[in-house]
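Naming convention: chains lettered A, B, ... in sequence-line order (proteins, then strands); numbering from 1 in each chain. Side chains are part of it too, since the values below use all heavy atoms of this structure and drop only hydrogens, waters and symmetry mates.
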Amino acid sequence: MSSPRAWGTNRPTGPRMSDNADTDADPYTLHDGDEGENGERGFVFWADEMADEIEVRAPEEPIVIKGGISPSGVPHIGNVNEIMRGYFVAEVLRERGHEVRQVFTADDKDRLRGLPRKLADLEGNIVDLGEVDAGALGRNLGKPYTAIPDPFGCCDSYGDHFSMLIGRSADLLGVPIEIESNTAMYEEGEFEESTRYFLENRERAHEVLSKYQDGVDESYIPFLAECENCGHLTDQITSVNLDSNTVEYECVDVEAGEQVIEGCGHEGTATLREGKLPWRFEWVAQWKALGVDFEPFGKDHAEGSWPSGQDIARNVFDFEPPVPMVYEWFTLDGEAFSSSAGNVMLVSEVLDLIEPEVLRYFFAKDPSRARDFNVERIDLLVDEFDRLERIYFGEVEADDREEQRAERIYPFCVEEVCEARIRLPYTFAAVLGMTDDSDLREEIARREGHIPEEAPDWAVEEALSRVESARNWARETENEYDYDLKRTELPDVEVDGNTKRALEELADFVEEGHTPEEIQGEIYEAAKRNDVPVGDFFATGYRLFFDQEQGPKLGQFLGKLDREFVLARLRRER
RNA sequence: GGGCCGGUAGCUCAGUCCGGCAGAGCGUCUGGCUUUUAACCAGACGGUCGCGUGUUCGAAUCGCGCCCGGCCCGCCA
């Protein structure tokens with residue numbers, strides 16, 4: 001067997017179950033051409049396909065679905081893949097009558113290797129490193145996240161702080177996950193048996209791992225000890241004593257990217273609970289300890305960790321690794337997520353702009369496709385969701401494919417299927433954000449036909465809540481829906497003679513006191529009387545009040561504002 | 001250098017596993033609603049399905065080669 005192995009070549013026929021290393025499971029599980037039990041293919045929802053793969057193995061109940069990240073910093077919406085991809089599969093299995101646990105490991109025994117530039121408090125506010133005690137963090141490089149004080153002082157440790165944020169992200173999306181702290185699992189001995197087994201069979205472990213990694217020599221010992229003197233994790237294990245379940249170690253320097261984290265040189269003894277396994281072994285130990293049946297992971301793991309992990313599971317241990325599923329990474333506004341470059345977005349920030357069901361819908365889409373989460377055009381995502389919803393309720397026509405898709409996917413996106421809901425079109429909601437007057441918002445929405453006469457109060461309230469979201473979006477992106485009534489300053493507007501006369505006539509009309517509808521009519525009349533093209537005259541009006549080319553229905557809107565201001569502005573006095 | 005994933009209309013995306021007229025929404029343009037202003041309605045515009053090649057009666061779809069973007073093949077996770 002060559003190294004690295006050409007395990008991708010068995011893709012077309014690779015069986016899911018195997019008892020030898022020549023039939024490894026391809027992690028690109030989606031659309032892989034395997035026949036289902038009765039030869040049916042053509043899934044409209046990828047989670048159905050994954051659920052089939054899991055059911056074929058007849059797993060014990062409860063079925064365990066896992067995800068996990070290390071709580072090293074701000075958990076952003078890229079990390080939500082780990083939560084939501086597993087969630088949809090869990091829900092499909094629950095629908096089929098299975099009991100399912102969705103667990104999420106906080107890989108918090110990992111060591112802090114560098115200082116993140118951005119952190120986030122528990123409310124999800126991003127703060128710069130400089131705003132917390134950076135020095136205290138710097139002195140803790142090399143220690144496990146759970147052995148480092150919380151820079152915000154609100155949780156027991158750095159690791160707990162960011163695990164808490166991950167949990168809150170899941171809560172916000174309505175996903176019930178059980179977070180398992182790696183640190184706690186080590187302390188409670190959950191990994192002790194596996195650790196002991198790896199150390200006992202370290203030649204075998206080395207033999208398997210060396211197929212995937214260079215630079216692991218004969219003396220390789222798969223354990224990192226936590227130094228009793230300085231708290232750093234060290235991989236310098238000098239001897240293993242399985243009779244007492246301990247190792248001897250020396251606290252040595254660690255390379256972390258560009259820099260070196262210095263060890264203290266202490267030589268000591270650690271139990272198997274006072275340290276950790278290297279990642280590739282740890283992952284397998286998690287599968288074993290938790291009985292994991294399914295695990296989605298990013299494409300970064302697909303070519304490295306996964307092939308070695310499943311090999312270790314089968315050939316060092318003797319158990320079947322979980323059904324894998326690779327998901328493509330997505331970009332944020334066309335760029336990779338990067339906390340150091342500030343290109344991150346928290347779930348809580350996204351939910352300031354869109355409803356949770358829309359974000360859930362984003363993650364219901366095909367995981368194998370690379371895509372962009374585009375904040376500028378988030379209205380398109382919302383429109384797409386609204387259309388899915390309308391297709392589901394049979395309110396718009398669509399082809400069979402779309403109908404099947406909506407029928408299957410929509411119920412998993414919403415907390416509760418409710419036909420009586422009302423959705424204001426997102427960009428229309430953004431326009432309503434021009435006024436803070438909630439009664440006026442509702443009145444305009446009703447007049448434009450977006451709220452039916454007999455709509456119940458709760459539905460109206462929920463519909464109007466989108467206005468706040470859409471306004472946040474308009475403001476954040478400073479786009480054309482960022483309506484802001486220019487009350488304090490007169491926008492710079494060029495006005496020719498005809499337009500000037502038309503504006504004066506309109507001002508006089510308003511001064512006489514008329515209904516909003518009459519004012520709207522007068523805008524047309526004033527323009528026509530003075531040979532000003534109607535479109536141009538409206539544009540001038542929007543310019544004067546909003547410094548924009550477009551806006552809400554002008555007459556009705558001006559009729560609602562205080563007359564004194566409207567008159568002064570039409571006469572361009574202030 | 002080797003491997004893997006992605007590349008479909010100006011934008012956001014379906015369709016690719018299973019070959020059968022290249023699609024949706026948004027956008028743009030034109031017209032209509034005897035007041036174009038988030039409008040709405042009707043119609044139109046918009047594509048070398050990354051490029052090439054092979055197989056086929058027929059290729060976005062299958063094979064091979066190439067281009068571009070990203071990831072892995074060191075450490076770490």
With [atom1] as the reference atom in both, quote the distance from [N] to [M] in angstrom, rounded to an integer.
N	M	atom1	answer
B:C18	B:C62	C1'	11 Å
B:U61	B:C17	C1'	9 Å
B:G19	B:A38	C1'	43 Å
B:A14	B:A9	C1'	13 Å
B:G52	B:C68	C1'	15 Å
B:C41	B:C49	P	32 Å
B:G43	B:G50	P	30 Å
B:G10	B:G74	P	41 Å

Under a 3.5 Å cut-off for both distances, is [N] Watson-Crick or wobble paired, and to whom?
N	value
B:U56	none
B:A9	none
B:C33	none
B:G19	none
B:U28	B:A44
B:A14	none
B:G1	B:C73

- Note on the structure: When A:Glu328 and A:Arg371 are each assigned the nearest nucleotide of RNA chain B, the 5'-most assignment goes to A:Glu328
- Item | A:Glu525 vs A:Leu381, nearer the 5' end of RNA chain B by closest nucleotide |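 Result of the comparison: A:Leu381.
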- A:Lys365 vs B:U12: side-chain N/O to OP1/OP2 distance below 4.0 Å: no
- Query: Is A:Arg369 near enough to B:U16 that one of its side-chain N or O atoms lies under 4.0 angstrom from OP1 or OP2?
  - Reply: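 For A:Arg369, the contact criterion (side-chain N or O under 4.0 Å from OP1 or OP2 of B:U16) is not met.
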- Tested for side-chain contact (heavy atoms from CB on, under 4.5 Å) against A:Val89, the lone hit among A:Glu295, A:Glu49, A:Met50 is A:Met50
Per [X] side chain, nearest of listed nucleotides [options]:
X	options	answer
A:His301	B:C76, B:U36, B:A77	B:A77
A:Glu384	B:A77, B:C76, B:C13	B:C13
A:Arg377	B:C26, B:C76, B:A77	B:C26
A:Asp366	B:A14, B:A38, B:C71	B:A14
A:Leu380	B:A24, B:A38, B:U12	B:U12
A:Arg401	B:C5, B:U16, B:C26	B:U16

Would you mind classifying the nucleic acid contact of [X] as base, sugar-phosphate or nothing, using non-hydrogen atoms under 4.0 angstrom?
X	result
A:Ser305	base
A:Asp372	sugar-phosphate
A:Trp329	sugar-phosphate
A:Lys528	nothing
A:Arg387	sugar-phosphate
A:Val254	nothing

- By side chain to side chain contact (heavy atoms under 4.5 Å, CB included), which residues pair with A:Glu207, not counting sequence neighbours?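 Side chain to side chain contact (heavy atoms under 4.5 Å, CB included) check on A:Glu207 returns A:Arg204.
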Starting at atom [atom1] of [X], determine the distance to atom [atom2] of [N], rounded to an integer number of angstrom.
X	N	atom1	atom2	value
A:Ile391	B:G25	CD1	C1'	10 Å
A:Leu277	B:C76	CG	C1'	15 Å
A:Tyr426	B:U12	OH	P	17 Å
A:Tyr212	B:C71	OH	P	23 Å
A:Phe297	B:C5	CZ	P	13 Å
A:Phe428	B:C40	CZ	P	10 Å

- Electrostatic pair A:Asp379:A:Arg377 at N-O distance under 4.0 angstrom: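 Salt bridge flag = yes for A:Arg377 with A:Asp379.
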- Query: Near A:Glu517 CD, under 6.0 Å, is it more than 12 heavy atoms from other residues, nucleotides or ligands?
  - Reply: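 Yes, CD of A:Glu517 has more than 12 neighbouring heavy atoms, counting only those of other groups under 6.0 Å.
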- Please report the C-alpha distance between A:Arg529 and A:Glu522 in whole Å, then the side-chain angles of each, then the deciding distance to 0.1 Å, and finally whether the salt bridge (charged side-chain N to carboxylate O under 4.0 Å, His left out) criterion is met. CA-CA 10 Å; A:Arg529 280 198 304 273; A:Glu522 175 62 12; 2.7 Å; yes
- Task: Determine yes or no for a side-chain-to-main-chain donor-acceptor pair under 3.5 angstrom, with A:Asn530 supplying the side chain and A:Val532 the backbone.
- Result: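 Not a single qualifying donor-acceptor pair exists.
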- Task: Could you please spell out the steps behind the salt bridge (charged side-chain N to carboxylate O under 4.0 Å, His left out) verdict for A:Arg471 and A:Asp436?
- Result: CA-CA 10 Å; A:Arg471 181 158 74 159; A:Asp436 293 326; 2.7 Å; yes
- Item | Nearest heavy atoms of A:Lys143 and A:Asn140, plus distance in Å |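 Of all heavy-atom pairs spanning A:Lys143 and A:Asn140, the closest is NZ-OD1, 2.7 Å.
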